[in-house]
Amino acid sequence: MKMGYSSSVALLALLMSIVVLCNGGKTSTYVRNLIEKPVDMPLDSDAFAIPPGYNAPQQVHITQGDLVGQAMIISWVTVDEPGSNEVIYWSDSSLLNFTAEGQVFTCTFYNYTPGFIHHTTITNLEFNTKYYYEVGIGNTTRQFWFITPPEVGLDVPYTFGIIGYYL
């Protein structure tokens, strides 16, 4: 089917009006300082070592648990048995401990079973606050910390790290 001259002009006019109307613009004036170099975590860090003790939590990591940063998902693996799916946590400025209970899953990939996978969501966290958390039972507890992001807004810098590996 051949388009006529008037159809071509109309299509071109429509495309041009879309380009003019769709101005993405800037969402923030924040520009990263080129001198700020990220600090890499060394591969021989104790965070990567298999912890000592029976059924000690391994592969502990966090994920932001909501869209604004007031929730964190703590995940870890126990190899020998399910163990506890609780996370004990507290803020840097508080002496009160809180407990969040999560879920334990198992899966099999061909003939490999990675153990018991734990996911616990901590909610109602304060913005820009340092929190400590513990996973595990008895002599095999492990303690970590994180800082929640600042409250969402324009020109609010947010730094995060990504660690990954493949086999």
Side-chain angles (χ1 to χ4, degrees), residues 18-51 55-79 82-107 109 113-138 140-167:
I18 290 173
V19 169
V20 170
L21 293 175
C22 295
N23 179 6
K26 286 185 178 181
T27 58
S28 171
T29 59
Y30 177 77
V31 177
R32 182 186 318 270
N33 183 346
L34 294 177
I35 298 173
E36 295 174 4
K37 183 179 177 190
V39 179
D40 290 337
M41 181 180 286
L43 292 177
D44 61 350
S45 168
D46 63 347
F48 298 120
I50 295 175
N55 209 43
Q58 299 179 24
Q59 303 174 40
V60 181
H61 61 278
I62 62 172
T63 307
Q64 188 167 312
D66 65 1
L67 294 176
V68 295
Q70 289 188 291
M72 290 290 178
I73 302 168
I74 313 295
S75 302
W76 69 97
V77 174
T78 53
V79 177
S84 173
N85 59 347
E86 288 184 343
V87 173
I88 299 170
Y89 66 99
W90 60 96
S91 72
D92 197 26
S93 61
S94 173
L95 299 176
L96 296 175
N97 289 355
F98 300 96
T99 303
E101 190 161 333
Q103 298 177 323
V104 180
F105 303 94
T106 59
C107 67
F109 183 71
T113 302
F116 300 91
I117 303 165
H118 304 257
H119 295 290
T120 301
T121 303
I122 301 172
T123 59
N124 300 318
L125 301 173
E126 297 292 323
F127 291 113
N128 203 28
T129 302
K130 186 173 187 176
Y131 284 92
Y132 296 90
Y133 65 97
E134 258 183 23
V135 293
I137 301 174
T140 60
T141 58
R142 297 185 69 196
Q143 189 179 106
F144 302 92
W145 61 270
F146 61 86
I147 299 175
T148 53
E151 190 166 3
V152 176
L154 294 176
D155 299 327
V156 178
Y158 180 40
T159 303
F160 62 95
I162 299 173
I163 298 174
Y165 67 95
Y166 64 96
L167 299 173

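Along the sequence shown, the residues carry numbers beginning at 1. Note that this is a predicted model, so its numbers are computed, not measured.
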How far does OG1 of Thr129 sit from CG of Asp92, to the nearest 0.5 angstrom? 9.0 Å
Apply side chain to side chain contact (heavy atoms under 4.5 Å, CB included) to the pair Leu96 and Trp90, showing each step before the final yes or no. CA-CA 6 Å; Leu96 296 175; Trp90 60 96; over 6 Å; no
Is the backbone N or O of Gly69 less than 3.5 Å from a side-chain atom of Thr148, with the two atoms forming a donor-acceptor pair by type? no
Who passes side-chain hydrogen bond (donor to acceptor under 3.5 Å, both in side chains) against Thr120, sequence neighbours left out? none
Rounded to the nearest 0.5 Å, what's the gap from OG1 on Thr121 to CD on Gln103? Could you check? 8.5 Å
Can any side-chain N or O of Gln70 pair as donor or acceptor with the backbone N or O of Glu126 at less than 3.5 Å? no
State the CD1-OG1 distance between Ile74 and Thr63, to the nearest 0.5 angstrom. 8.5 Å
Once side-chain hydrogen bond (donor to acceptor under 3.5 Å, both in side chains) is applied, do any residues pair with Ser84, and if so which ones, sequence neighbours excluded? none
Separation between CG (Asn85) and NE2 (His119), nearest 0.5 Å, reads 11.5 Å
Verdict with supporting geometry, His118 and Thr78, side chain to side chain donor-acceptor pair (under 3.5 Å): CA-CA 8 Å; His118 304 257; Thr78 53; 2.9 Å; yes
Is any side-chain heavy atom of Phe116 closer than 4.5 Å to a side-chain heavy atom of Pro82? yes
Hey, is the main chain of Gly115 close enough, under 3.5 Å, to the side chain of Thr113 for a donor-acceptor pair? no
Could you check, using the six-membered ring where one of them is a Trp, whether Tyr133 and Phe146 have ring centers closer than 6.0 angstrom? yes
State, yes or no, whether a side-chain contact exists between Ile122 and Val87 at a heavy-atom distance under 4.5 Å. yes
Could you tell me which non-hydrogen atom of Pro149 sits nearest to which non-hydrogen atom of Val68, and how far apart they are? CG-O, 4.2 Å
Could I get the full list of side-chain hydrogen bond (donor to acceptor under 3.5 Å, both in side chains) partners for Glu134, not counting sequence neighbours? Gln143
Closest non-hydrogen atom pair between Glu101 and Glu86, with its separation: OE1-OE2, 3.7 Å
Are Tyr131 and Leu125 side-chain neighbours, meaning at least one heavy-atom pair lies under 4.5 Å? yes
To the nearest 0.5 Å, atom CZ of Phe127 lies from atom CD1 of Ile147 at 15.0 Å
From CG (Asn97) to OG (Ser91), nearest 0.5 Å: 10.0 Å
Taking all atoms of both residues into account, what is the closest heavy-atom pair of Pro57 and Gly136, and its distance? CG-CA, 3.6 Å
In this structure, which one of Ile62, Val135, Ile117 forms a side-chain contact (heavy atoms from CB on, under 4.5 Å) with Trp76? Val135
